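Please read the structure below before turning to the comments.
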Amino acid sequence: MPQKIYNTKTRKKETLQPVSEGAVGMYVCGITAYDVCHVGHARAAVVFDVVFRHLKACGYNVTYVKNFTDIDDKIIDRANREGVTIRDISERFIQMHDEDMAALNVLKPTVTPKATEHMPEMIALIKTLEEKGIAYAVDGDVYFSVKDYPPYGGLSGRNVDEMVSGARVDINDKKKNPLDFALWKKSKEGEPFWESPWGQGRPGWHIECSAMSRRYLGETFDIHGGGEDLIFPHHENEIAQSQAASGKPLANYWIHNGFVKINAEKMSKSLGNIFPVREIIRQYHPEVLRLFMLQSHYRSPVDYSDASLAEARTALVRGYTALQQMKETLSRVAVEVSVKLEKVHQTYLSKLSEMQEKFDAALDDDFNTAQALGCVFEAARLVNQITTAEKKMPAPVKKVILAAAKTGFAHFSDVLGVFLSDPDVFFDSDRTIEVAKRSLDSTKIEALIAERQKARQDKDWQRADEIRQELAAQHVVLKDAADKTVWSIE
RNA sequence: GGCGGCAUAGCCAAGUGGCUAAGGCAGCGGUCUGCAAAACCGUUAUUCUCCGGUUCAAAUCCGGAUGCCGCCUCCA
């Protein structure tokens, strides 16, 4: 099925037709490296990671570029506050960003360029704009002249005249027009600077993305992404700069992810409701956060809360429970050369392949991860039916069906970036996190479980139940299997 | 003021013209179990904020009302 993408530029779902057949160029605006990543960054990263993974799974040769802004007012401020260099700051937070992303199973983009490493490209681009009469230099600053680029406002659906009358733009005497934006800023005393035809200074924010996307993807590429807040002014300005310079469209498809909200409010420093990724993954397995994001459509806003993460955890546990049963059954049953499948058994196999088709179709339809997850959970139910409920099914038949399910799940995991752990490793890790969160003592818990096992062997059900209740009070849930008792935190 | 989005069960959330309105959480009944837990089976929206319209047919398209939200200033 052809890939459909909702294009912010046209506000419609369109069929992806790459510039060059079989290849996709994608640029996504990355972070400004001045602080740790929060849930919002995580969402954007996960959304475009799934786009990346899915397009690759579809056979496209994807070049995914995600930049780091490593020169910016906020970085300078922080460097001054801490008395270190801007490089110290940006390197520190890029490193932490990479750690967080790795924890969330976010694949490394093909290229992760940094602004400071692309000064010549930026300066060249600004020069081109200046030569074309679309940019003007004033006292060491260079501005983009919005009135000299008539299509301005095309992406965000804004009208230049109305924006001027709206007048929520900063006052700056150097600008000819309040909507004009800086391409190059003269450096102030003590600030880091680069040499340029306009003197010592540093680039404006928007120009770096124009310069780096051009460098790695060319003048026109396929997909440009970012958070919905970037539509205006950032992406609008990128389009203006790049297209004014090249005379060609910058990107054919514009994808924007929705925001993460906290209690229906915007996350912001002033509200004090920022949730850093590294804090969240101390409370929950990273895949919990990832699953939470994938449960809703990437363009909708999501409301982050502890309750919704707890719910996502339960769902994740459900999936891993199926995987664990599958693994266990597969390891137990010996391979049989020829297995006769009856019609009922064939039904399972066809249901499985139906789930896989629906899964791919969901992602083809504007990366509908929520719908795709529906297929994953239906497949999980099917696995559970095979492993537990279908007692009459011959073991070799189970093996054949579960092997097919395993292949299907491998695909689901590969594309969504969840259910990637070994189930036993996942449960261990989940339990460790929960034990720490509730300040429990696993040694004591296990001692009680051992005591209960003895009581059970002696058929002292009263004592066994007493211990179970005692543990339940600490949120410890027991699961009695034939030979052992496993425990988890509810 | 300008631009845009959203409203589906107790909660979260897909579905955007027509088969039984996915899936997850929670609830209820059953199977299994010493009892549980997990799993499985069954059940939980005659209906998609409200009012009109188009159509043989609408949650889905059009118009209006109400409510919530985002962007227009750094922001994923």
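For the numbers below, each heavy atom of this structure counts, side chains included, while hydrogens, waters and symmetry mates do not. Note that the structure is a prediction, hence the values are computed from the model and not measured.
- With hydrogens and angles ignored, a donor-acceptor pair closer than 3.5 Å exists between the side chain of A/Asp480 and the base of B/C35.
- With distances taken from any side-chain atom of A/Thr314 to the nucleotides B/C72, B/C40, B/C25, the minimum falls on B/C25.
- Classification of the A/His235-A/His256 ring pair by plane angle, with boundaries at 30° and 60°, yields tilted.
- Separating the C1' atom of B/A39 from that of B/C50 is a span of 43 Å, rounded to the nearest Å.
- The same atom, C1', is picked in B/G1 and in B/A59; the two are 33 Å apart, to the nearest Å.
- For the pair A/Tyr27 and A/Cys209, the minimum side-chain heavy-atom distance is below 4.5 Å.
- Nearest-nucleotide positions on RNA chain B place A/Arg299 closer to the 5' end than the other of A/Arg299 and A/Thr321.
- Using a 30° and 60° split on the angle between ring planes, A/Phe68 and A/His97 fall in the perpendicular class, above 60°.
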Each nucleotide of nucleotides 8-23 of chain B classed B (base within 4.0 Å of a protein heavy atom), S (only sugar-phosphate) or -, in 5' to 3' order, makes ----SSSS------BS

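- Annotation: B/A9 and B/G15 have their P atoms spaced 15 Å apart (nearest Å).
- A donor atom on one side chain and an acceptor atom on the other are not found under 3.5 Å apart for A/Gln325 and A/Thr387.
- Comparing A/Lys266 and A/Ser156 by the nucleotide of RNA chain B that holds the closest heavy atom to each, the one mapping nearer the 5' end is A/Ser156.
- With both ends at atom C1', the span from B/G67 to B/U8 equals 16 Å, rounded to whole Å.
- When the side-chain nitrogen and oxygen atoms of A/Asn257 are compared with OP1 and OP2 of B/A76, none of them lie within a distance under 4.0 Å.
- Annotation: B/A13 and B/C69 have their P atoms spaced 15 Å apart (nearest Å).
- A side-chain N or O of A/Thr485 and one of A/Gln453 form a donor-acceptor pair less than 3.5 Å apart.
- Shown for residues 457-470 of chain A: residues whose heavy atoms fall under 4.0 angstrom of RNA chain B, namely A/Trp461, A/Asp465, A/Arg468.
- For residues 472-481 of chain A, the pairs satisfying salt bridge (charged side-chain N to carboxylate O under 4.0 Å, His left out) are A/Arg452-A/Asp480, A/Arg456-A/Asp480, with sequence neighbours left out.
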